[in-house]
Amino acid sequence: MVKRNIVLLDIDYITYEEKPVMRLFGKVKGENSNDLIALDDSFVPYLYILPSGNIDKSIKDLEELKRNGDLEFTKLEKVIKKDFQVPTEFIKISFTHPQDVPKYRDIIWDLDSVKQLREHDIPFYRRYLIDNALVPMAELELEGELIDSFETINSNNDSLEIFKLSEPPKTANTDFQQFRMMSFDLEVRNPHGMPNPEEDEIIMIGIDSNVGIRKVISTKGDEFSNDSEMCFIEKVDSEKEMIESFIKTVKENNIDIIIGYNSDLFDFPYLKDRAKIWGIDLDLGLDGSNIKFIRRGFNNAATFKGLLHVDLYLVMRRYMSLDRYTLERVYFEFFGEEKIDVPGDRIYEFWDNGGNELKNLFKYSLDDVVSTLKIAQETLPLNLELTRIVGQPFVDVTRMATGQQAEWYLVRKAYEVDEVVPNKPNMTMKNIKERGSNVGGYVKEPEIGLHENLVQFDFKSLYPTLIISKNISPDVLVKENNSHNTKFEDFETGYDDIDNIKEEELSSDMDNDEDYYISPEHFFKFKKEPQGFIPSALEDILNERFAVKNKMKATDNPVLKKSLSVQQQALKRLANTMYGVYGFLRFRWYSFECAQAITAWGRQHIKKAMEEAEAYGFKVIYADTDGFYAKYLPEMKKE
DNA sequence: AGGTTCCGGGG
DNA sequence: GTGTACGGAACCT
């Protein structure tokens with residue numbers, strides 16, 4: 001029996017002898033930061049079936065399908081799980097292979113005795129992380145034994161350990177970890193418009209890192225060999241050697257995270273195409289595997305097994321709100337300095353002309369990677385914290401929309417409280433039209449002019465607070481099923497209410513019913529007891545944030561303080577995103593009623609606060625959603 | 001007005 | 001890979 005503590009970098013599964021084997025990619029904690037791939041063949045795919053009537057009838061039907069050879073499964077179990085907090089009997093059906101789930105999904109769903117399938121679209125590796133309470137980028141404890149080799153792992157990396165788990169891994173701690181990071185960037189000689197990998201060679205590969213490597217690999221640069229300012233140039237003889245040197249640099253320095261800017265769409269596809277011309281493999285995977293492009297929505301993510309590739313461009317689009325997200329613009333936003341800029345269509349001229357222009361091109365290439373790394377060091381800590389909170393792989397989290405981060409956090413939470421997660425809603429264009437759009441926060445257009453003596457007022461996390469205090473959650477929403485009231489009519493009447501609403505009605509205390517909180521404008525009813533799933537998850541987040549902030553105050557260690565500060569920011573972001581899960585289509589906890597109730601209560605609160613301020617002699621100049629600016633005019637004060 | 005297409009970043 | 005997705009601006013009809 002061998003034990004290892006590793007930091008879990010990434011996870012996937014492969015098929016071995018027709019069965020799935022999870023692969024945990026990590027680096028061993030301790031002096032020797034060996035890489036390690038842990039294998040676990042004990043985890044089994046499953047989903048839940050909600051019977052439409054008698055559960056035994058459903059089981060009979062499933063067994064019948066199996067006898068006919070139309071369905072294969074390994075196990076049927078009756079289980080009690082909560083569905084919107086109501087204990088409900090489900091059938092848990094287990095399969096041999098994750099692929100059996102999409103394969104047999106439809107045939108099961110088509111059975112008359114089956115009402116719904118649940119948790120049938122949770123990727124296998126995510127299921128594994130959730131069910132074992134594992135957190136990526138944190139420390140795990142492994143028990144098992146070392147083995148010499150395993151199918152699909154063809155690495156010539158001597159320091160790689162292959163580890164076969166004898167029991168499920170455990171989370172050792174979720175403390176801050178250090179990672180070896182490297183940024184890179186290509187420059188291409190493209191005299192005819194955008195670079196074309198069939199013709200246009202790579203002329204420079206810039207590299208910066210937090211492990212002491214900072215250089216530009218290029219086929220030119222001899223002319224600066226006596227220029228001490230230019231000692232970052234690594235001169236090679238061909239593009240082939242340039243690419244080989246890049247690969248060697250990544251491998252030899254044991255890089256955990258490789259960072260580019262728009263590298264999903266430009267640098268890695270280009271590098272792959274050029275490498276192919278020279279017969280070079282981009283085999284940077286921990287298991288010796290090649291780069292792989294994975295379709296993720298409208299992007300093609302460049303990925304390696306166990307080497308984490310972050311495309312900072314995608315991260316920045318979520319990290320801050322800007323009109324443009326060029327590297328120059330983002331860098332300026334952070335550091336207030338302009339970057340060296342060489343227009344893309346003139347790079348070849350600088351290259352061809354040599355001399356001072358070539359020198360500037362080298363500097364530009366280095367500046368690009370230095371800037372990329374600097375921005376990464378500013379932003380990745382937050383994403384690492386989000387990874388540990390959300391509990392899904394780092395590369396996934398850096399590419400996820402914030403709403404998805406919230407959703408996966410909730411999926412994990414649901415597992416912890418024994419809830420079966422809702423399916424993704426299947427909204428058609430027709431539904432959306434019928435539904436109409438939600439009214440947002442209250443906005444009072446600013447009064448034009450220069451104002452003095454302004455006071456600012458805002459609600460601290462208005463929406464999260466409302467979700468908790470009014471228990472806004474689909475599982476405690478009372479749906480009135482009047483037979484004469486179709487869903488469509490409900491929406492219609494809802495809208496009439498908004499248009500004809502009177503101020504008095506708005507401020508009246510409609511939500512003081514004994515058992516329910518009743519939303520203004522639409523009068524949606526939310527039970528006061530029990531606490532809804534989303535409010536409870538949100539409260540956990542806010543409590544956690546409070547605890548982190550207290551730890552922050554208590555420590556004098558600046559490194560710990562910084563890391564805790566990032567942690568509480570991540571929690572704040574997640575809390576603020578939670579409102580979004582109600583309003584966005586395709587999300588599992590989508591609830592238009594909840595989204596409407598939140599903004600309606602929000603409008604009520606801000607208006608009430610404004611009224612009160614005005615009674616004290618403040619004149620509101622501008623208001624938006626959760627706060628306003630007001631000017632003190634004592635003559636306005638009501639006696 | 002209401003629908004549909006295009007685009008982001010990169011050289 | 002227990003896949004197939006974004007959101008706003010610009011441009012149609």
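Note on naming: letters A, B, ... go to the chains in the order of the sequence lines (proteins, then strands), and numbering restarts at 1 for each one. These numbers come from the heavy atoms of this one structure, side chains and all, not from hydrogens, waters or symmetry mates.
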Would you mind reading off the distance between [X] atom [atom1] and [N] atom [atom2], rounded to a whole angstrom?
{"X": "A:Asp121", "N": "C:dT4", "atom1": "CG", "atom2": "P", "result": "8 Å"}
{"X": "A:Met204", "N": "B:dG11", "atom1": "CE", "atom2": "C1'", "result": "13 Å"}
{"X": "A:Arg329", "N": "B:dG10", "atom1": "CZ", "atom2": "P", "result": "13 Å"}
{"X": "A:Ile294", "N": "C:dA5", "atom1": "CD1", "atom2": "P", "result": "16 Å"}
{"X": "A:Arg318", "N": "C:dG8", "atom1": "CZ", "atom2": "P", "result": "16 Å"}
{"X": "A:Trp408", "N": "C:dA5", "atom1": "CH2", "atom2": "C1'", "result": "14 Å"}
{"X": "A:Met316", "N": "B:dG10", "atom1": "CE", "atom2": "P", "result": "13 Å"}
{"X": "A:Glu199", "N": "B:dG11", "atom1": "CD", "atom2": "P", "result": "19 Å"}

Within the structure shown, what part of the strands sits under 4.0 Å from [X] by heavy-atom distance: base, sugar-phosphate, or nothing?
{"X": "A:Gly260", "answer": "nothing"}
{"X": "A:Glu119", "answer": "base"}
{"X": "A:Asn300", "answer": "nothing"}
{"X": "A:Pro45", "answer": "base"}
{"X": "A:Asp185", "answer": "sugar-phosphate"}

I want to check one thing: is the phosphate of C:dG3, taken as OP1 and OP2, less than 4.0 Å away from some side-chain N or O of A:Arg105?
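So the side-chain polar atoms of A:Arg105 do come within 4.0 Å of the phosphate oxygens OP1 or OP2 of C:dG3, strictly under.
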Any A:Arg399 side-chain nitrogen or oxygen under 4.0 Å from OP1 or OP2 of C:dA5
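So the side-chain polar atoms of A:Arg399 never come under 4.0 Å of the phosphate oxygens OP1 or OP2 of C:dA5.
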If the condition is side-chain contact (heavy atoms from CB on, under 4.5 Å), which residues does [X] pass it with, not counting sequence neighbours?
{"X": "A:Glu63", "value": "A:Ile59, A:Arg67, A:Phe73, A:Leu76"}
{"X": "A:Glu337", "value": "A:Tyr331, A:Phe335"}
{"X": "A:Ala376", "value": "A:Ile259, A:Leu312, A:Leu380"}

Which pairs count as side-chain hydrogen bond (donor to acceptor under 3.5 Å, both in side chains) when at least one residue sits in residues 183-200 of chain A, sequence neighbours excluded?
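Applying side-chain hydrogen bond (donor to acceptor under 3.5 Å, both in side chains) to every pair that reaches into residues 183-200 of chain A, excluding sequence neighbours, yields A:Arg189-A:Asp352.
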Produce the list of close N/O pairs, under 3.5 Å, pairing protein atoms with atoms of nucleotides 9-11 of chain C; give distances to one decimal.
none

Residue pairs involving residues 396-411 of chain A (criterion salt bridge (charged side-chain N to carboxylate O under 4.0 Å, His left out); sequence neighbours excluded):
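Passing the test, one end in residues 396-411 of chain A: A:Arg126-A:Asp396, A:Asp264-A:Arg399, A:Arg296-A:Asp396, A:Glu407-A:Arg588.
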Angle class for the A:Phe304/A:Phe268 ring planes (parallel below 30°, perpendicular above 60°, tilted otherwise)?
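If you compare the ring of A:Phe304 with that of A:Phe268, the planes turn out perpendicular.
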For A:Lys272, look at atom NZ and say whether over 12 heavy atoms of other residues, nucleotides or ligands are found less than 6.0 Å away.
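Open.
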Quick one: do A:Asp12 and A:Arg23 make a salt bridge, cutoff under 4.0 Å?
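A salt bridge links A:Asp12 with A:Arg23.
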Listed pairs under 3.5 Å, donor-acceptor, residues 41-52 of chain A side chains, sequence neighbours left out:
from    : atom 1 : to       : atom 2 : distance (Å)
A:Ser42 : OG     : A:Asp40  : OD1    : 2.6
A:Tyr46 : OH     : A:Arg127 : NE     : 3.1
A:Tyr46 : OH     : A:Asp131 : OD2    : 2.6
A:Ser52 : OG     : A:Asp112 : O      : 2.7
A:Ser52 : OG     : A:Ser113 : O      : 3.3

Partner residues of A:Glu333 under the salt bridge (charged side-chain N to carboxylate O under 4.0 Å, His left out) criterion, sequence neighbours left out
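For A:Glu333, the residues satisfying salt bridge (charged side-chain N to carboxylate O under 4.0 Å, His left out) (neighbours in sequence not counted) are A:Arg329.
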Check salt bridge (charged side-chain N to carboxylate O under 4.0 Å, His left out) between A:Asp345 and all other residues, then give those that pass, not counting sequence neighbours.
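With neighbours one apart ignored, the set is empty.
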From C:dT4, B:dG11, C:dC6, pick the nucleotide closest to the side chain of A:Arg586?
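Of the options given, the side chain of A:Arg586 lies nearest C:dC6.
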Are A:Ser245 and A:Glu234 linked by a side-chain donor-acceptor pair shorter than 3.5 Å?
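The answer is yes; a qualifying pair exists.
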Apply side chain to side chain donor-acceptor pair (under 3.5 Å) to A:Asp626 and list each qualifying residue two or more places apart in sequence or on a separate chain.
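Testing A:Asp626 for side chain to side chain donor-acceptor pair (under 3.5 Å), a comparison that skips the adjacent residues, returns none.
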Could you check which residues of residues 336-366 of chain A get a heavy atom under 4.0 Å from DNA chain B? Sort them by number, please.
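The stretch gives A:Gly344, A:Asp345, A:Ile347, A:Tyr364 as the residues lying under 4.0 Å from the strand, ordered by number.
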For nucleotides 4-9 of chain B, give me one character per nucleotide, 5' to 3': B if any protein heavy atom sits under 4.0 Å from the base, S if the only such contacts are to the sugar-phosphate, - if neither.
----BB
Determine the interatomic distance between P on B:dG11 and the same-named atom on C:dT4; round to the nearest Å.
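To the nearest whole Å, 32 Å.
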Pick the C1' atom in C:dA5 and in B:dG8, then give their distance to the nearest Å.
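One C1' to the other, the span is 15 Å.
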